[in-house]
2 protein chains.
Amino acid sequence: MKIATWNINSIRTRLVHIVNWLTENPVDVLCLQETKVTDAQFPQAPFESLGYYLYFSGQKSYNGVALLSRQRLEDVSCGFTPIVTNIQPDWDEQKRVITGVIDGVRIVNLYVPNGSSVGSEKYKYKLDWLKILHEYLRSLLAVSSHICMCGDFNIALESKDIHDNVTTENHIMASEPERQALQDILALGFADAFRKFNTEGGHFSWWDYRAASFRRNLGWRIDHQYLTQELYERAISCIIDVTPRSLTQPSDHTPVIVELSTTPSCLRLS
Amino acid sequence: MKIATWNINSIRTRLVHIVNWLTENPVDVLCLQETKVTDAQFPQAPFESLGYYLYFSGQKSYNGVALLSRQRLEDVSCGFTPIVTNIQPDWDEQKRVITGVIDGVRIVNLYVPNGSSVGSEKYKYKLDWLKILHEYLRSLLAVSSHICMCGDFNIALESKDIHDNVTTENHIMASEPERQALQDILALGFADAFRKFNTEGGHFSWWDYRAASFRRNLGWRIDHQYLTQELYERAISCIIDVTPRSLTQPSDHTPVIVELSTTPSCLRLS
DNA sequence: GTGAAGTAGG
DNA sequence: CCTACTTCAC
C-alpha cells in the first residue's frame with residue numbers, strides 16, 4: 001500500500017498537476033494539505049474519474065486538508081474535537097486535521113501551523129496546537145496501534161533536514177521548542193519512515209518560492225510520514241518525488257511517498 | 001499603408017496575442033490603447049524583434065497608449081499640452097494621447113475616457129476631454145491636412161453600431177452629448193473609414209467580458225479610424241478582425257485595420 | 001514568489 | 001467577466 005503526502009498550495013491552481021501526478025503515481029492514499037477551498041468548492045469530479053474516494057475539510061483561502069483514497073475509508077473524522085472532547089471548539093476553526101482508516105491502518109493527515117516567526121502569536125499557537133495534537137494521538141493510539149501520521153509538519157527535526165545556508169537556531173520550523181514538541185509526539189511510538197531508508201542530509205520536501213531556492217536546492221524536509229512500530233516494520237520504501245517541484249507553476253512542496261508491505265491476512269487481526 | 005487600432009487591455013497580459021497577431025498581420029502602424037504599464041515596464045524587445053519602432057506613453061494600472069511602426073515616426077508627441085498650450089497640465093496626467101507622422105500622414109492614437117455612467121463625474125470628464133481633443137485637432141489641422149485619428153473612442157455614433165439588445169438612450173457610449181461632442185470633432189473634416197466600405201449594422205469592435213456578450217454577439221463598434229478628406233479618398237479597405245476576440249484570454253476589443261493606397265510621390269507634397 | 005481576497009475600473 | 005493593485009500569509 002502506497003501512501004503519499006503533498007502540500008499542494010491551492011487545489012484549484014494545482015488541479016492539473018495533481019491529476020497528472022496521480023495518473024503517473026496511482027497511490028492508494030494521497031494526503032493533501034493547503035487545499036485553500038471550502039468543501040463546496042472542492043473539485044471532486046477530476047479525482048472521482050481517476051477512481052478515488054474523496055474526504056476533505058476545508059475553509060476559504062487558508063489551510064484545508066483532504067484524503068484521496070482508492071478504497072472507501074472507514075471512521076473518517078475532521079479536526080481534533082471528535083477525538084479530543086475536552087477542548088474549545090475553536091481549535092477546529094482552522095481546517096488542519098483529517099483522518100480515516102484503510103485496511104486497518106489509520107491515516108492521520110495534518111497541516112501543522114507554520115508559526116510565522118519564533119516568539120510570535122502564531123508561534124505560540126503552533127506550540128499549543130502541537131500539544132493538542134499530542135492528546136489527539138494519545139486518544140487514537142488507545143484504540144489502534146496502526147497509525148500513519150502524514151503531512152506538512154512545518155518542522156525540520158535535524159540540521160541535516162535543512163540546507164546548510166540557513167541559520168537554524170531560533171529559525172521558525174527549526175527552533176528547539178518546536179522540535180521538542182514534535183519529539184514528544186513521536187515519543188508516543190512513531191518513527192520517521194523516510195529515515196528508515198535514508199540517513200543522509202540534502203533531501204528536502206519544500207523549497208521557498210523566493211530567492212530561487214529550488215534552483216539552488218535550498219530546501220527543507222518538513223513533510224513527513226511517521227509510523228507506529230508495526231507499520232514502520234512494514235515500510236518497504238519512502239521516497240521524495242522532486243519532479244513536481246520542477247514543473248511550471250508548482251507547489252512549493254513536493255510529494256513524499258511511503259510504501260507498506262501488505263500484511264498477511266493471518267496477521268491482520270493482531 | 002496599413003494602420004490598425006486595438007485596445008489590448010494590458011500589454012503584459014496580451015503580449016503573446018499581440019506578437020502573434022502582428023506576425024500574421026504585419027501592419028505598418030499599430031495603435032494600442034490600455035497598455036496599463038509605465039514606460040519603464042513597456043515590453044520593448046518582442047516588438048523590436050518583429051521590426052517595429054516603439055513610441056509609448058503609459059502609467060501604472062490605467063490607460064496608456066502606444067504606437068508601433070515599421071518605419072521611424074517623425075514629430076512624435078504625447079498628450080494634449082505639446083499641441084494645445086493654453087490648458088492645465090493635469091489634462092495629461094491620464095495617458096490617452098500619442099501622435100506621430102509616417103509618410104506625411106499624422107497618426108493620432110486616442111484612448112477616449114469611458115465615462116462610467118451618464119451624469120457621473122467621469123462622464124463630465126469625458127465631455128470636457130472631448131472639447132480639449134477638439135482644440136487639439138484644430139491645432140494639428142492648421143499644420144497638416146493628412147490625419148488618421150485612431151483609437152478606442154468609447155462612443156458608438158449610430159444605433160446600428162450597437163447590438164439591438166441595448167437601451168441606447170442615455171446609455172454610456174451612446175448618449176446624445178457624447179455623440180454630439182464626437183460629431184463636432186468629425187465636423188472639423190474627418191470621415192469614418194469603416195463606413196466607406198460597409199454601411200450595415202452588426203459590425204462590432206468591442207464585446208463586454210460579462211454576460212457571454214461575444215458568444216451572443218452583443219457588441220459595440222466603438223473603435224474607429226477617422227480620416228481627413230484626402231486620406232479618406234485613399235482608403236482602399238477597412239476591416240474589423242474578429243479573430244483575436246475569440247482566442248483564450250482575449251482583450252475585450254478586437255483590431256480594426258484601414259489600408260491607404262500609397263500616394264504617388266508627385267502628389268506627396270500637395 | 002506565489003496564492004487568495006478585496007477593491008476599483010472597465 | 002477580466003485586469004491591476006493592495007494586503008496578507010507562507
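Order of the sequence lines sets the chain letters (A, B, ...), proteins ahead of strands, with each chain counted from 1. Since the model is a prediction, treat every value here as computed from it, not as a measurement.
Applying the 4.0 Å criterion to OP1 and OP2 of C:dT2, one finds that A:S10 has every side-chain N and O outside that range. For C:dG1, neither phosphate oxygen OP1 nor OP2 lies less than 4.0 angstrom from any side-chain nitrogen or oxygen of A:Q249. Side-chain nitrogen and oxygen atoms of A:K60 include at least one within less than 4.0 Å of the OP1 or OP2 phosphate oxygen of C:dG6. Taking 4.0 angstrom as the limit, A:R14 places none of its side-chain polar atoms (N or O) nearer than this to OP1 or OP2 of C:dT2.
The nearest whole Å value for the distance from the CG atom in B:N114 to the P atom in C:dA8 is 16 Å. C:dG10 atom P lies 11 Å from atom CG of B:N7, rounded to whole Å. To the nearest angstrom, P of C:dG10 lies 11 Å from CZ of B:R210. When rounded to the nearest whole Å, the span between CZ of B:R245 and P of C:dG10 equals 18 Å. To the nearest angstrom, C1' of C:dG3 lies 11 Å from OH of A:Y111. Across the protein-nucleic acid pair, B:Y209 atom OH and C:dG10 atom C1' stand 9 Å apart, rounded to whole Å. In this structure, the CG atom of B:D252 is 17 Å from the P atom of C:dG9, given to the nearest Å. In this structure, CD1 of B:I155 is placed 14 Å from P of C:dG10, rounded to the nearest angstrom.
What you find for A:Q249 and A:T13 is that their closest heavy atoms are OE1-CG2, 3.8 Å. When all heavy atoms of B:W207 and B:L218 are compared, the pair lying nearest together is CD1-C, 3.7 Å. Nearest approach of A:T35 to A:L32, heavy atoms of both residues: CG2-CB, 4.3 Å. Pairing each heavy atom of B:I3 with each of B:C31, the nearest pair is CG2-SG, 4.3 Å.
Proximity of the aromatic rings of B:W129 and B:H134 is defined here by a centroid distance below 6.0 angstrom, and this criterion is not met. Remark: aromatic rings of B:Y136 and B:F80 are close, center separation under 6.0 Å. Between A:Y226 and A:F153, a ring centre-to-centre spacing shorter than 6.0 Å is recorded. Ring centroids of B:F42 and B:F56 are separated by less than 6.0 Å, placing the two rings close together. Taking the centre of each ring, A:H224 and A:F194 stay at or above the 6.0 Å mark.
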### Task
Show your reasoning for whether ring pair (Phe, Tyr, Trp, His ring centres under 6.0 Å) applies to A:H171 and A:W220.
CA-CA 12 Å; A:H171 192 294; A:W220 293 59; 4.9 Å; yes

### Task
Would you please test B:D223 and B:T5 for side chain to side chain donor-acceptor pair (under 3.5 Å) and show each step?
CA-CA 7 Å; B:D223 301 272; B:T5 182; 5.2 Å; no

### Message
Once pairs are restricted to Watson-Crick or G-U wobble with both distances under 3.5 Å, how does DNA chain D read as a dot-bracket string, [ ] for crossings and | for other-strand pairs?
### Response
||||||||||

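Between B:R96 and B:D152, none of the side-chain N atoms (NZ, or NE/NH1/NH2) sits under 4.0 Å from a carboxylate O, so this pair counts as no salt bridge.
The outermost nucleotides of DNA chain D lying under 4.0 Å from heavy atoms of chain A, listed 5' to 3', are D:dA9 to D:dC10.
If you check residues 115-131 of chain A against DNA chain C, you find no residue with a heavy atom closer than 4.0 Å.
Of the two residues contacting DNA chain C, namely A:A212 and B:W206, the nearest-nucleotide position lying further toward the 5' end is that of A:A212.
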